[in-house]
2 protein chains.
Amino acid sequence: MAKGAQPKRPSIHDVARRAGVSAATVSKVMHGVPTVKAENAERVFEAVRQLGYRADPLASDLRRSKRRIIGAIVPELESEFFGSIVTHLERLAERRGYTLVAASSGESEEREAEILRRMEDWRVAGVVLAPVRDEHGPAGEMMRAQGMTGVMIDRVLSDKTFDTVSADSLSASAEVARELADRGHRHVLVIGLGEQGACVRARLEGFRRTAEALDPQMRIDVLLSESSVEPLRGAIRDYFSRGERPTAVFSLFLKGTLVALSEFRRRGWHCPDDISLIGFDDAEWMQVTWPSIAAVVQPVERIAAHAMERLFRRIDGETGPPMARLEPCRFLVRESIGMPRQERRQGPKISVVET
Amino acid sequence: MAKGAQPKRPSIHDVARRAGVSAATVSKVMHGVPTVKAENAERVFEAVRQLGYRADPLASDLRRSKRRIIGAIVPELESEFFGSIVTHLERLAERRGYTLVAASSGESEEREAEILRRMEDWRVAGVVLAPVRDEHGPAGEMMRAQGMTGVMIDRVLSDKTFDTVSADSLSASAEVARELADRGHRHVLVIGLGEQGACVRARLEGFRRTAEALDPQMRIDVLLSESSVEPLRGAIRDYFSRGERPTAVFSLFLKGTLVALSEFRRRGWHCPDDISLIGFDDAEWMQVTWPSIAAVVQPVERIAAHAMERLFRRIDGETGPPMARLEPCRFLVRESIGMPRQERRQGPKISVVET
DNA sequence: ATGAAAGCGCTAACAT
DNA sequence: ATGTTAGCGCTTTCAT
């Protein structure tokens, strides 16, 4: 297996030479320009076949001063949600002859800005940004300043410059409130990440308003951590340690659901007997555990589809005011939601060892 | 917010003009070539600052005939494992001044080949391929044929052309076998995806050999689905319906663990009282559920790190025979592993409704 | 119907 | 120490 210098790939000139025409003609043939003599076209195709020629899209883009590249920036790639978003965006971009270049900001606004800068260096045609915080982050500002073409998704509700596409958090949370109120819950803990800006606010408000409308007496405690998950875990732990005993927990984001579960474990509380749980964001495992976990499912595919549609319209020159689109969620009621128990047995405070 | 044509970004010539030097000099300054008069360098920096100039890396790559782009191809982006792999690769590539372009093959070899073709069109400097099946898939062949630079990871053990980096499946599975044998399990069901080639074979053999060495009487049933997960689910269902009652299930891949759990649910079996469960591949949720799920943790970070290290060495011209690297896994014993029960109570055959 | 020439934004020899 | 020139691989007038 000789490791020799790989034979440089044939260029358009190699094809031209072989076909006995000029590079310009080859280019025309490749683009289906009809003013080429059939015979020459045939020779070109033959040469292309023989050499295995494939055009370099980047060189082509350079010359046309228009890159067929879409950038996607997401807070993380490890989650089902964003992984799925990126997968869809990838397919949608390809369908239009574009290549998606995805990058993850690791929940850091500095990195987010850094990545955006690199995408602008690449002169991408457009960007799908799922900001770490919300539309007011540094990335959004950069996009405005640079006059970039882009769409924002997920942790945004609307923006004064860019089209936005996100889940209808307000309605979804309202539905959750309805479900809990119906079952007689009158003390609910809501947990979330404050950093996620407008989005978390909508989820919170949707819940609060509906809950208060249905049962003005309902006690709603809210625990928000400004930035990361661990402080939130601490806050929840404190909260329970103070003796607070809500009958249900509503987590506004996936990791919060995990944290809630693990805090229940620590205290030996079982779902839904000791406490009910509902999470924003569904995951595959939630339907196979005991109990299965109730969740709000975000319409990933529709979010991706509409984001791309808006983006391509803007790339194609559509002007007009930014549109803010909200896609409806589904609420999956599963076993983790029960009735509140009246007599509150003190849960045994053993902490289960995890190996 | 005028939507006017965005002001074209300044080119190196704009900077040159403004600084009163040639483009070549600007280029030198940007690359830290020391033979530039300090004063001129200063003027260039000033012009760069004023114009907000940033070089176009793609144009630069074109001229140098060397792209600072690494391609990554993974079977899916929705899983923690590959999401995490890609995230790490991204950072590692950046650290060397490269950009990672990731794509997902959706577990399809056709798509895998298609993506690889596009990456070759892009003239990427190298490719990290996590093949759908194993090193013998079409993508590997293409890479060989094209003389591409690349590294294979995950579902491979070794290759005759390319460096490979993967988890030490054999040892990990042996450890699982030891644990189960120690606890007295004498009838184990192993489930996996046949398509995943050498990798699954290693996981299976590692288990089988050790188990048989420790307890020649141990009964090991194996259910492999050739391609996708759903047929496997069917096979498992049939298997249990026939009255088979292994005391433990060992899943060779993440989705299999989910399937096993959901089949347990259908039958109302609880873990580990009715049956024990161990899965290859860890996930965040596995430690917060009741019971927590025992799992083999793949060394994601090390796999990514070594893959990139090998890749860059090859890009930098290292020759020599391909290296096959195996990274050790950790085995997390959790609550889903118990002792086998002698008297086998017939589990109630209710199927739990999932909404 | 075709090709020569110019050039996208950049870099690398080579002069000076 | 700097600028001129040529050209990476491609596309696009614009003559012919």
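Quick note: numbers below take in every heavy atom, side chains included, and nothing from hydrogens, waters or symmetry partners. Computed from a prediction, not measured in an experiment: that's the story for all the values here. Every chain is numbered from 1 and lettered A, B, ... according to where its sequence line falls, protein lines coming before strand lines.
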Q. With sequence neighbours excluded, what pairs up with B:Asp159 under the side chain to side chain donor-acceptor pair (under 3.5 Å) test?
A. B:Arg144

Pairs under 3.5 angstrom, nitrogen or oxygen only, protein versus nucleotides 14-16 of chain C, please.
none

Q.
Donor-acceptor check, side chain of A:Asp134 to backbone of A:Val156, threshold 3.5 angstrom: yes or no?
A. no

Q.
Suppose we screen for side chain to side chain donor-acceptor pair (under 3.5 Å). Which residues come up paired with A:Arg64, at least two apart in sequence or across chains?
A. none

**Q.** Short side-chain to backbone donor-acceptor contact, A:Arg111 and A:Ser104, under 3.5 Å
**A.** yes

Q: Mind checking ring pair (Phe, Tyr, Trp, His ring centres under 6.0 Å) for A:Phe312 and listing every partner two or more places apart, or none if nothing turns up?
A: A:Tyr98

Q. Looking at B:Lys160 and B:Glu135, does any basic side-chain N land under 4.0 Å from a carboxylate oxygen?
A. no

(Q) Test of understanding: with side chain to side chain donor-acceptor pair (under 3.5 Å), list the residues that count as partners of B:Ser11, not counting sequence neighbours. (A) none

Scan nucleotides 8-10 of chain D against the protein and return all N/O pairs shorter than 3.5 Å with their distances rounded to 0.1 Å.
unit_1, atom_1, unit_2, atom_2, d
D:dC8, O2, B:Arg63, N, 2.9
D:dG9, OP1, A:Lys8, NZ, 2.6
D:dG9, N2, A:Ala59, O, 3.2
D:dC10, OP1, A:Tyr53, OH, 2.8
D:dC10, OP1, A:Asp56, N, 2.9
D:dC10, OP2, A:Ile12, N, 2.4

Q. Salt-bridged, B:Arg314 to B:Glu309, with N to O below 4.0 Å?
A. no

Q. Between B:Arg17 (CZ) and C:dG9 (P), how many Å, whole number?
A. 11 Å

Q: Map A:Arg68 and B:Ala41 onto DNA chain D by nearest heavy atom, then report which one ends up closer to the 5' terminus.
A: B:Ala41

